[in-house]
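The structure appears below as structure tokens.
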Amino acid sequence: MRHNKKFNHLSRKKGHRDALLMNLTISLIMHKRITTTLAKAKALRVYAEPLITRSKTDDMTNRRIVFSYLQNKEAVKELFGVVAEKVAERPGGYTRILKTGHRLGDNAEMAMIELVDFNENMLEASASKKEKSTRRSRRKKNAAPAAEAVEAPAVEAPATEAPEAEEAPKAE
């Protein structure tokens, strides 16, 4: 019976699956973005995010635990150095999976998995994001500024010259 065994086995035995996830995690840490199948990306997220959470506290115990999962000194150094600084304030959700379509050879669904804080394009887009609008009212936002634009010259005109002030109300 398979009670309480809900993770994806990826059609591999335990040793092969552990080696695969270890290598994918090392590649993700070193390159910040990798392309793989969607199933492997989802399994990698479950494997890598607890390791990234451990890297936020830099002590010997956490380094040893992470090294036991990764078996790569350079990846551990990168994780506890560069990656830990970027994700220090983030409470979770360190990775993002973006679907990229299907592979030509076998039609496998492909995805790109990346570390969230290292995608410069997405960070710039979120910084310059326009004001979020709701769909609750049917009032047009452009109607209010247009009315203010018509009223603004009428208010400024009396301060400069009186004849223009008389012409402005006739135009309305």
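Counting begins at 1 with the first residue of the sequence.
Here the closest non-hydrogen pair linking Ile113 and Arg45 is CD1-N, 4.3 Å. Contact detail for Leu44 and Leu28: the closest heavy-atom pair is CD2-CD2, 4.2 Å. The minimum heavy-atom distance between Thr57 and Phe80, with the atom names listed, is O-CE2, 3.8 Å. Nearest heavy-atom pair, Ala41 versus Ala111, reported as atom, atom and distance to 0.1 Å: CB-CB, 4.4 Å. Summarising the geometry of Ala39 relative to Asn8, their closest heavy-atom pair is CB-ND2, 3.8 Å, with the distance given to 0.1 Å.
A salt bridge links Glu78 with Lys32; the closest basic N to acidic carboxylate O contact falls under 4.0 Å. The pair Lys14-Asp18 meets the salt-bridge criterion, with a side-chain N (NZ, NE, NH1 or NH2) lying under 4.0 Å from an Asp/Glu carboxylate O.
The side-chain heavy atoms of Arg33 and Leu115, taken from C-beta on, include no pair separated by under 4.5 Å. Between Ile34 and Met112 there is no side-chain heavy-atom pair separated by less than 4.5 Å. Using a 4.5 Å cut-off on side-chain heavy atoms (C-beta onward), Ile26 and Met22 make contact. Lys99 has its side chain within reach of Glu109: a pair of non-hydrogen atoms, C-beta onward, lies under 4.5 Å apart. At least one side-chain heavy atom of Tyr94 sits less than 4.5 Å from a side-chain heavy atom of Thr53. Within the 4.5 Å cutoff, side-chain heavy atoms of Arg96 are placed close to those of Leu98. Side-chain contact between Thr95 and Glu114: absent, with no pair of heavy atoms (C-beta onward) separated by less than 4.5 Å. For the pair Leu20/Arg12, a side-chain contact is recorded, criterion being any heavy-atom separation below 4.5 Å from C-beta on.
The backbone N or O of Tyr69 lies less than 3.5 Å from a partner atom in the side chain of Tyr47, making a donor-acceptor pair. For the pair Asn23 (side chain) and Ala19 (backbone), a donor-acceptor distance under 3.5 Å is present. Arg2 places a side-chain N or O within donor-acceptor distance of the main-chain N or O of Lys5, the cut-off being under 3.5 Å. Counting only distance, with no hydrogens or angles, the side chain of Lys56 and the backbone of Arg90 share a donor-acceptor pair below 3.5 Å.
We find the CG-CZ distance between Leu70 and Arg63 to be 12.0 Å, quoted to the nearest 0.5 Å. Note that CG of Asp117 and CD of Glu85 are 12.0 Å apart. Values are rounded to the nearest 0.5 Å. Rounding to the nearest 0.5 Å gives a distance of 11.5 Å between CG of Leu38 and CZ of Arg103. To the nearest 0.5 Å, atom OG of residue Ser55 and atom CD1 of residue Ile65 are 12.5 Å apart. Here the CD1-CD1 distance, from Ile52 to Ile29, works out to 6.0 Å after rounding to the nearest 0.5 Å.
If you chain together hydrophobic residues whose side chains sit under 4.5 Å apart, Met30 and Val87 fall into the same group. Taking hydrophobic clusters as Ile, Leu, Val, Met, Phe, Trp and Tyr residues chained together by side-chain heavy-atom distances below 4.5 Å, Val82 does not share a cluster with Val116.
A cation-pi geometry, defined here as NZ or CZ lying under 6.0 Å from the six-membered ring centre and within 45° of its normal, holds between Lys86 and Phe118.
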